[in-house]
Every structure is written in structure tokens, then in C-alpha cells.
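Notes to accompany the following structure.
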Amino acid sequence: MSPTAGWWRMNRLQARGPMPETITDLWNDLPVLAQDALVFALYLLPAVLVGIVVVAGYRPWPLVRAMLGRYRWTNLLFIALIAVSVGIGVGLTAQERGLRKGTARAAEKFDLVVTAPGSEVTMMMAAVYLQPVDAPLLSGEVYNEIAGHDYVSLAAPIAFGDSYQGAPVVGTTAQFIYHLSGELASGRAFATSLEAVIGAAVPLEEGDAFEAAHGVGASAEEGAHAGHAYTVVGRMQPTGSPWDRAILVPVEAVWEVHGLASGHAPERAGQLGPPFDAEYFPGTPAILVRAEELWANYALHSEFTRADLMAFFPGTVLAQLHSLLGDVRQVMSIMAIVTQVLVTAGVLAGLVILTKLFSRRLALLRALGAPRRFVFSVVWTYAAALIGTGAVLGLGVGVVATAAISRAVSARTDILVQSSLGWTELQLVAGFVSLTVLLALAPAFIALYRPVVADLSG
Amino acid sequence: MGRELTVSKLRVSGDHRRTLLSVDQLAIAPGQAVGIRGPSGAGKSTLLFALAGLAAIAEGSVHWGDTDIAALREEQRAAFRRRAIGMIFQDFLLFEELSAAENASLAGSFSARSRRGDIARRAAATLERLGVEAEVRSVASFSGGERQRVAVARALASDPAIILADEPTASLDRAAADRLIDDLVALAREGGKTLIAVSHDPAVHVRMDRLIDVADGRLVADEPVAGARADA
């Protein structure tokens with residue numbers, strides 16, 4: 001069920017008390033598509049009913065066509081104003097949903113993350129979205145405890161802090177690369193501490209060599225790791241996450257370039273990946289953990305949540321964030337409608353003025369014996385045509401705006417945002433149309449009370 | 001047998017209750033063609049609007065047969081116009097974006113479903129009779145004479161008993177004006193309709209049965225036109 005459908009249902013329950021059990025059951029038994037379609041129809045119903053009542057028995061269309069053609073540029077301007085306001089409204093809500101889905105998709109591969117105690121949100125931003133952060137390190141003993149746990153199938157250290165031309169250089173293991181990417185798009189995983197695998201969007205080619213800077217962003221120290229050049233040997237598949245712009249190197253290499261132990265005892269110098277020797281393990285800010293079975297993640301979460309460790313599900317943290325943002329989304333949706341209604345109120349005020357330009361012809365209708373209700377239906381249908389056309393075009397504007405904003409957000413955050421208009425937006429537009437065609441009754445009423453003889457005399 | 005149009009002790013007021021028109025008595029027989037003339041601002045158009053039930057009547061009555069138009073409510077007056085009145089204006093008042101046929105059958109848009117077919121047929125027949133191309137996409141390209149003929153077809157489409165024309169030839173050149181007034185008078189006479197035409201145009205006056213002079217909101221003369229039909 002869409003958020004709007006849920007909101008509507010919640011409000012109904014609050015306003016009228018619990019629905020009879022049978023109706024609730026009937027509603028809940030309906031497929032989601034049917035629920036969304038029904039809510040859409042319900043939102044559109046006032047517009048349809050008003051239209052039927054206002055137009056019944058008359059044939060205002062030829063005159064409405066004439067009115068639309070008479071001041072076509074002014075009418076197009078009104079339609080454009082409505083379309084842009086509707087487009088921005090639906091674009092924003094679709095974008096918010098797309099961003100939510102995109103961030104969730106980016107965190108999909110991160111089942112369980114273990115870090116030192118602190119802020120789950122901060123560590124999630126660091127480990128999943130590669131945002132720079134200073135984090136305490138986990139020891140080799142902790143790593144081995146996690147990696148050696150019966151339920152654990154993958155325990156990958158994630159060591160960040162270096163970068164190359166803005167792309168984060170992350171130390172990890174080859175297993176993590178395959179976990180993240182599946183099969184590589186090209187090349188192979190690193191086999192020595194001088195090799196690197198790049199994300200799908202990194203502007204390097206296989207065979208390119210580079211030296212990482214110490215730190216990230218403006219404070220990155222170029223040349224700090226001079227003499228340790230990595231060679232690109234593989235490229236990951238696109239993941240739709242900031243990892244597409246990351247360069248993955250052996251975690252041993254990150255330790256080495258910082259003058260630390262390699263993670264392995266001297267007799268196993270040159271080894272990459274687990275097992276690590278606790279005595280020679282310099283530390284890692286985060287460990288990605290994957291359990292053999294889904295249920296085991298919960299056991300691991302429970303086990304590694306203790307005084308010296310913090311285990312969290314990025315998906316859960318994200319859901320909490322989305323829940324908080326959910327209230328903001330409600331406000332955004334309401335503000336979007338209010339903005340659209342304000343724009344339409346402005347347009348309707350313009351219509352009142354425009355109707356004055358039609359006043360001679362409306363007076364002519366009265367002189368020919370047209371009932372007041374016919375004149376009312378002509379003016380209302382004219383306004384409804386502008387509103388309806390603007391709203392439909394607004395959906396098109398929304399599609400274009402959503403695609404453009406998605407591209408911009410994806411480019412800035414490296415989180416693949418794929419937004420599209422859905423039932424929520426259609427329901428939003430249906431509600432908007434109903435509300436505004438009701439407002440359009442006002443200019444129709446005003447047109448009725450114009451002086452016929454004075455208007456006929458021009 | 002048509003109905004007579006009679007006006008009695010009529011006073012039409014404008015802003016600040018200023019009297020625009022005062023008519024003590026006036027009777028127009030059915031089928032009569034009546035010209036109304038007088039200087040600008042004399043009250044000619046106000047008389048026309050009063051007869052159509054459009055002007056605010058402060059006192060008196062306007063009877064069409066037994067029906068007192070002045071006593072009708074707004075929607076009843078609209079129904080009266082729909083049934084009994086056809087109006088023609090100096091500047092045509094057509095919907096430029098519509099075809100001649102759509103303009104002429106405009107009344108069909110708000111008339112009962114059962115009347116729509118008749119209105120459309122009558123509009124098409126009158127347009128053909130007047131030599132106007134009915135199906136041209138819009139009347140915007142029409143000459144003034146053609147537009148006024150469309151307006152005549154529109155006035156006759158509902159088969160009204162009374163045609164009220166306000167300066168029907170004022171926007172036309174001489175040739176177009178002559179053709180129009182000939183057609184209008186002929187159509188009115190053929191249909192036995194009462195024609196009341198406000199006009200400054202002597203060519204209109206000579207085609208009428210009777211001429212009424214209006215000045216300062218009063219009827220100052222009312223006489224038959226020389227050579228008018230004996231039965232008028």
C-alpha cells in the first residue's frame with residue numbers, strides 16, 4: 001500500500017473510529033493495486049461528481065473550445081503554471097521515495113556491521129556510504145573472534161582514510177569485493193599489496209598506476225604515501241552505491257603505507273586476506289559481517305552488542321532514519337499540495353479577470369436565453385479544462401523533473417537514485433484536481449452576477 | 001395567430017435610479033416590422049432590452065400575449081427569450097473560433113435535448129438560404145456581411161416569434177447592409193415574425209411597416225411607413 005493510502009486509512013480510522021471488522025477485512029483483503037486504484041478514484045471522485053452535476057443537460061464543449069482558443073497564450077501560461085507546480089510537487093515526492101529506495105539498495109549488501117561503540121548513524125555513513133569519519137579501531141582479537149564465529153561466513157575489515165583524486169581508497173579483502181560486486185566487470189581481484197580493484201565509476205583503466213593521498217577531501221595530503229603505487233587490475237560491477245566511486249585495495253596495503261604491521265606474522269609476510277594474526281593486526285574501524293543464514297545475523301547482532309563493541313544492521317538504522325524522515329515527507333506532501341493550490345488560486349484569480357474579457361460573449365448567451373446554470377457550466381468547464389490539462393501535463397513535467405533530479409542526486413551522492421511516478425503521485429494529483437475544480441466554482445459564480453446589459457453594451 | 005407585444009406605463013431605471021426610458025403605452029402587432037430611431041443615448045437600445053426582459057424594469061409591464069415579462073423571475077425571463085426572442089447586435093457577437101453552423105446553432109447548447117436537432121436543422125437551412133458556408137472552420141475569416149448573416153441565422157434558429165435587432169447594419173458597407181436588411185425582413189415576413197429593429201439607417205426604415213421615434217427616453221412619434229403593407 002502506498003504511503004498516501006496508508007495515511008488516508010489512518011486518518012479515516014482516527015476520524016471515525018475503527019471501521020466495522022468486515023469492511024476492514026474487505027479492504028485488507030484487496031490487492032495493493034486495487035487499494036491504490038480505489039484511493040485514486042476516491043480522490044478524483046469529487047471532481048467527477050462536480051463535473052457531472054455542473055454539466056448535466058448541457059453541451060458547453062464548443063464554447064469552452066472557443067474560450068480556450070480565444071486567448072490561447074494566456075491559457076497556455078495558466079496551464080504551464082499549473083503544470084510546473086504539479087510537476088514540482090509530484091517530482092519531489094517521487095524523488096524522496098527514489099532516494100529512500102536508493103539508500104536502502106546501497107545498504108543491501110551490508111547485512112551486519114561491527115564497530116567500536118559510538119553513533120550507529122555515523123558509522124553507517126562511514127562504512128556503507130564512505131563518508132569520511134574518525135573512528136576508533138577494532139583489535140585483531142575482536143576481528144578473529146568475529147571471523148572465527150561458527151555462524152559467520154564473511155568478516156571483512158573495512159579500512160578507510162586514504163583517497164585518490166577524491167575517490168576513497170578502502171582497504172578490505174578480495175572476498176568482500178566479490179560479495180559487493182559478484183563477478184567482476186573486468187580483470188581480477190588484487191593478488192598483491194600493490195594492486196587495486198576500482199569501482200564501476202572510477203575514471204581509471206586497468207593497468208593504470210596511482211599513489212593514494214593520506215586523508216580525504218580538501219585536507220588530503222598528496223605524496224604522503226609516495227613510493228607505494230597501486231596498479232589497477234580489475235573493475236567491479238556497478239552497485240548503485242558510493243562504492244562505485246571507491247578504489248579497493250588490500251587492507252594489508254593500507255596498514256603498510258601507514259607504517260603499521262601487515263596483519264600477518266613475518267613468516268606469512270605477503271599473504272593477503274584472512275586469517276589475520278591478532279598480534280600483527282593494527283586495527284580496523286569497521287567489520288562487515290555476513291552470516292551463513294539470515295536468522296544467524298540476529299544472533300550475531302545480539303552477541304556482538306556489548307560494552308566494547310557495537311553491532312548494527314545498516315538497514316535498520318536506515319529504516320529508523322526513513323521513519324524520522326517520514327514525518328518530513330508528510331509535511332512535504334502537504335506543502336506540495338498547498339503550493340499547488342496556492343498557484344491554482346492565483347490562476348483562478350487570473351481566470352476571474354480573464355472571464356471579464358469573455359463577459360460580452362457570456363452576456364450574449366444570457367441574451368439568447370441561456371439559463372444561468374449553463375453560463376456557470378461554461379465558465380467552470382473552461383477552468384476545469386485548464387486545471388485538468390495542467391495537472392496531466394504536470395505529471396509529464398514530474399517525470400522529466402524526477403529524472404533530472406535523480407541524475408543530479410546520483411552524481412552528487414554516488415547513490416543510484418531511480419525515481420518514477422507511482423500511485424502516490426497519481427493520488428496527489430487526483431486530490432489536487434478535486435480541490436482546485438471545487439475552487440473553480442468561485443469564478444463561475446462570479447461570472448453569473450455580471451450585469452448583462454452593461455456587458456452587452458461593451 | 002401570434003401574440004401582441006404591449007408595453008404599459010413602463011419605466012426603466014439605470015444607476016442611481018436615473019430614468020433611462022419611460023413609455024406610457026405601446027402595442028406591436030404580431031408579424032409587424034417596426035423601426036426604432038432616435039439620437040444616440042435616447043433610449044432605443046434600452047427599449048429593446050426591456051422588451052427582451054434584460055433591462056431592469058422599475059415600473060410598468062411588458063406583455064407578450066398574456067405573459068407579463070416584467071413580472072417574471074430571472075430564469076423565467078431567460079426561458080421566455082429562449083422560446084420567443086431572437087437577437088441581433090451591431091457587432092455580431094459571434095464566437096470567432098467556431099464555425100458558422102456552430103455559431104448559428106448556439107442555442108442548441110443550452111436547449112432541451114429534444115429541440116437540439118430542430119435548432120441545428122433550422123440554423124443550417126437559414127445559413128444556406130443566406131448563402132453562408134456553414135462548415136468553414138471558423139467565422140474569423142468572414143466579412144462583416146457574412147458575420148451578420150450568421151448572426152441572423154442564430155437569431156432565427158430557435159424559431160422565435162420576435163426578432164430584436166440592434167443597429168444590424170451599422171457595421172456593414174452599403175451593399176452588405178442592403179442585402180442583410182432585405183434578407184432579414186424577408187425571413188421575418190415569411191415566418192410571420194415580429195421584427196423590431198433599432199437603426200439609424202434610412203434603408204432599414206423604409207423597409208419597415210412602422211417607425212417609432214425615441215428622444216430623451218420617451219416615445220415622441222409613432223407612424224406607419226409610407227407604402228408599408230396594408231395589413232401591418
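Naming convention: chains lettered A, B, ... in sequence-line order (proteins, then strands); numbering from 1 in each chain.
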Salt-bridge contact A:Arg361-A:Asp455 (side-chain N to carboxylate O under 4.0 Å):
no
Got A:Phe374 and B:Ser109 here, is their nearest side-chain heavy-atom distance under 4.5 Å?
yes
B:Asp166 versus chain A, the contacting section by heavy-atom distance below 4.5 Å
neither
Could you check whether atom CZ of A:Arg59 has more than 12 heavy atoms from other residues, nucleotides or ligands sitting under 6.0 Å from it?
yes
Does the distance from a Lys or Arg side-chain N to an Asp or Glu carboxylate O, for B:Arg121 and B:Asp118, drop under 4.0 Å?
yes
4.5 Å side-chain heavy-atom contact, A:Leu354 and A:Asn75
yes
Taking only Lys NZ, Arg NE, NH1 and NH2, and the carboxylate oxygens of Asp or Glu, determine whether B:Glu97 and A:Arg72 approach each other closer than 4.0 Å.
no
Counting heavy-atom pairs under 4.5 Å with chain A, which one of B:Arg113, B:Arg116, B:Glu96 comes out on top?
B:Arg116
List in chain and number order the residues that pass side chain to side chain contact (heavy atoms under 4.5 Å, CB included) with B:Asp213, two or more places apart in sequence or in another chain; answer none if no residue qualifies.
B:Arg37, B:Val220, B:Ala221
Does B:Glu102 form a salt bridge (Lys or Arg N to Asp or Glu O under 4.0 Å) with A:Arg65? I'd like the steps, not just the answer.
CA-CA 12 Å; B:Glu102 287 172 316; A:Arg65 179 162 54 84; 2.5 Å; yes
Between B:Leu94 and chain A, which part of the residue has a heavy atom less than 4.5 Å away: side chain, backbone, both or neither?
backbone
Out of A:Ala370, A:Ser377, A:Pro451, A:Ala363, which one racks up the most heavy-atom pairs below 4.5 Å with chain B?
A:Ala370
At a heavy-atom separation under 4.5 Å, does B:Phe95 approach chain A through its side chain, its backbone, both, or neither?
both
Identify whether the distance between the nearest side-chain nitrogen and carboxylate oxygen of B:Asp24 and B:Lys9 falls below 4.0 Å.
yes
Is A:Ser457 in contact with chain B via its backbone, its side chain, both, or neither, using a 4.5 Å heavy-atom distance?
side chain
How about residues 63-89 of chain B versus chain A: which residues have heavy atoms under 4.5 Å apart?
B:Glu74, B:Glu75, B:Ala78, B:Arg81, B:Arg82, B:Met87, B:Phe89
